[in-house]
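The chains referred to below are lettered A, B, ... by the order of the sequence lines, with proteins before strands, and numbering in each begins at 1. Values below: all heavy atoms of this structure, side chains included; hydrogens, waters and symmetry mates excluded. All of these numbers come straight from a predicted model, not from anything done at the bench.
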Number of protein chains: 2
Amino acid sequence: MTDKEKMPVCADGEHSHPEIVESVADRMADEEILMDVAELFKVFGDSTRVRIICALFESELCVCDIAELLNMTQSAISHQLRVLKQARLVKYRRDGKSIFYSLADSHIRTIFNSAFEHVME
Amino acid sequence: MTDKEKMPVCADGEHSHPEIVESVADRMADEEILMDVAELFKVFGDSTRVRIICALFESELCVCDIAELLNMTQSAISHQLRVLKQARLVKYRRDGKSIFYSLADSHIRTIFNSAFEHVME
DNA sequence: TCATCATATGAATAACTGTTCATATATACA
DNA sequence: TGTATATATGAACAGTTATTCATATGATGA
């Protein structure tokens, strides 16, 4: 090319499809909700947290039991539980010296069941 | 403390609950499946990819239309489509100069519907 | 066949995230 | 009340990731 003028990337009105774009934009969920969904999936998108959640599907557990179950340090588990707590996905109760965590929301099971179905084809 | 000896973190057999841990370990899904689930959620855990997926719920779209819809560069969209492609979540077809992307799997809708329900309380 | 243009890709950068290590907190129970 | 201990937290580090910029690729359609 003779000049610094760069090539168009899908010049408007020719190969782009403005009417489709507009129609899709109208029907899509609000930006804010999409951000929340991404944020939720981000929390689910870590194998440690997935393992914690799946463990809690089976039983409430104290921190050190989770650590033992996953063969990880108490600190690492505690940090991840904080993430789950901030996302309001787990709740906890004290019993003696231990603190027992459990899942806070039944939707989590539904979401994970769908994901399991997908993963197992 | 007088020595480098650190305190126990939930000494076995006392405050830990080995029978519960073992029982949960038995019932949990295989490690490999949990990794796949985490990997799937990781792909969903980005707002750009969530927006692309939700756009594709409404209609198949070419790359430049997605870029316009999301107000992002063609390159950024292309990079993210590659991630979705590698996860086998989208498929594509050529039509003239454009390449139209669409969702490859109906499970995605199910998973997202559950996530939307959760996010909207 | 050749120039064009939609799309793909590679390298670089900046921001983010998970674990570790060290230590603080706080509750139980002696 | 004081000590032991289950849990929480902060800082640091390493690994990962999303975007940008520049450029390659490759099919179209003239």
Side-chain angles (χ1 to χ4, degrees), chain A residues 1-17 35 38-39 41-52 60-68 70-87 90-101, chain B residues 1-17 35 38-39 41-52 61-68 70-87 90 92-101:
Chain A
M1 60 208 81
T2 55
D3 207 4
K4 61 188 293 289
E5 189 64 30
K6 301 309 299 283
M7 73 232 67
V9 175
C10 196
D12 265 319
E14 192 139 13
H15 291 97
S16 76
H17 312 82
M35 297 289 282
E39 211 57 42
F41 284 138
K42 195 171 293 177
V43 174
F44 291 158
D46 173 78
S47 62
T48 298
R49 288 190 294 265
V50 163
R51 294 198 296 158
I52 292 175
E60 68 169 5
L61 291 165
C62 70
V63 180
C64 65
D65 282 346
I66 299 175
E68 186 185 324
L70 305 193
N71 198 32
M72 294 181 66
T73 66
Q74 173 270 322
S75 180
I77 299 301
S78 199
H79 277 297
Q80 295 307 336
L81 283 172
R82 187 156 66 99
V83 175
L84 294 172
K85 215 185 305 177
Q86 285 172 340
V90 297
K91 55 182 194 282
Y92 56 94
R93 68 177 182 86
R94 174 175 285 274
D95 179 23
K97 290 181 187 170
S98 301
I99 295 184
F100 283 83
Y101 280 83
Chain B
M1 57 209 82
T2 56
D3 207 6
K4 61 190 293 290
E5 190 64 31
K6 300 310 298 285
M7 72 231 68
V9 175
C10 195
D12 266 319
E14 194 140 12
H15 290 97
S16 74
H17 312 81
M35 297 289 283
E39 210 57 43
F41 284 138
K42 196 171 293 177
V43 174
F44 291 157
D46 172 78
S47 63
T48 298
R49 288 192 292 266
V50 163
R51 294 198 297 160
I52 292 175
L61 291 166
C62 69
V63 180
C64 66
D65 281 346
I66 299 174
E68 186 183 325
L70 305 193
N71 197 33
M72 295 181 64
T73 66
Q74 173 270 323
S75 180
I77 300 302
S78 199
H79 278 296
Q80 295 307 336
L81 283 172
R82 186 155 67 99
V83 174
L84 294 172
K85 214 186 302 176
Q86 286 171 340
V90 297
Y92 56 94
R93 68 176 182 86
R94 175 173 284 274
D95 179 23
K97 291 183 186 168
S98 301
I99 296 184
F100 283 83
Y101 280 83

Inset, instruction - Take atom CZ of A/Phe44 and atom P of C/dT17, then tell me their distance rounded to the nearest Å. - result: 16 Å
Inset, instruction - Assign a letter to each nucleotide of nucleotides 11-17 of chain D from its 5' end: B, base within under 4.0 Å of a protein heavy atom; S, sugar-phosphate only; -, no contact. - result: ------S
Legend entry - A/Ser78 side chain, from C-beta outward: closest of C/dT9, D/dT9, D/dT20: D/dT9
Legend entry - Interatomic distance, A/Met72 CE vs D/dA6 C1' [rounded to whole Å]: 18 Å
Legend entry - Length of the CG-P vector between A/Asp95 and D/dT7, whole Å: 11 Å
Legend entry - Position toward the 5' end of DNA chain C (nearest nucleotide), A/Gly45 or B/Tyr92: B/Tyr92
Inset, instruction - Test for a donor-acceptor pair under 3.5 Å between the base of C/dA6 and the side chain of B/Gln74, counting only N and O atoms. - result: no
Legend entry - Exercise: identify the closest heavy-atom pair between B/Ile52 and B/Gln80: CD1-CB, 3.9 Å
Inset, instruction - Mind telling me whether A/Phe41 and B/Phe41 have parallel, tilted or perpendicular rings, with 30° and 60° as the class edges? - result: parallel
Legend entry - Pairwise 5' ranking along DNA chain C for A/Arg94 and A/Gln80, keeping only the more 5' one: A/Gln80
Inset, instruction - Compare all side-chain heavy atoms of A/Val83 with those of A/Arg49 and state whether any distance is below 4.5 angstrom. - result: yes
Inset, instruction - Would you kindly give the CG-to-P distance between A/Asp65 and D/dT5, to the nearest whole Å? - result: 17 Å
Legend entry - d(CZ, B/Phe41; P, C/dT17) in whole Å: 18 Å
Legend entry - side chain to side chain donor-acceptor pair (under 3.5 Å) involving A/Arg93 - partner list, sequence neighbours excluded: A/Glu60
Inset, instruction - Rounded off to whole Å, could you give me the CD1-to-C1' distance for the A/Ile77 and C/dT19 pair? - result: 11 Å
Inset, instruction - For B/Ala38 and A/Asp46, work out which heavy atoms get closest and say how close. - result: CB-C, 3.9 Å
Legend entry - Between NE2 on residue B/His79 and OG1 on residue B/Thr73, distance to nearest 0.5 Å: 8.0 Å
Legend entry - Rounded distance (Å) that lies between atom C1' of D/dT28 and atom CZ of B/Arg93: 16 Å
Inset, instruction - May I ask you to evaluate whether B/Tyr101 reaches the phosphate of C/dA6, defined as a side-chain N or O under 4.0 Å from OP1 or OP2? - result: no
Legend entry - d(NZ, B/Lys97; C1', D/dT25) in whole Å: 15 Å
Inset, instruction - Could you work out which one of D/dT19, C/dT20, C/dT7 sits closest to the side chain of A/Ala76? - result: C/dT20
Inset, instruction - Select base, sugar-phosphate, or nothing to describe what A/Thr73 touches, counting heavy atoms under 4.0 Å on all strands. - result: sugar-phosphate
Inset, instruction - Taking only the side-chain nitrogens and oxygens of B/Thr48, find out if one of them lies under 4.0 Å from OP1 or OP2 of D/dT19. - result: yes
Legend entry - From C/dG10, D/dT28, C/dT7, nucleotide with atom closest to B/Ser75 side chain: C/dG10
Legend entry - B/Tyr92 atom OH, neighbour heavy-atom count above 12 within 6.0 Å: no
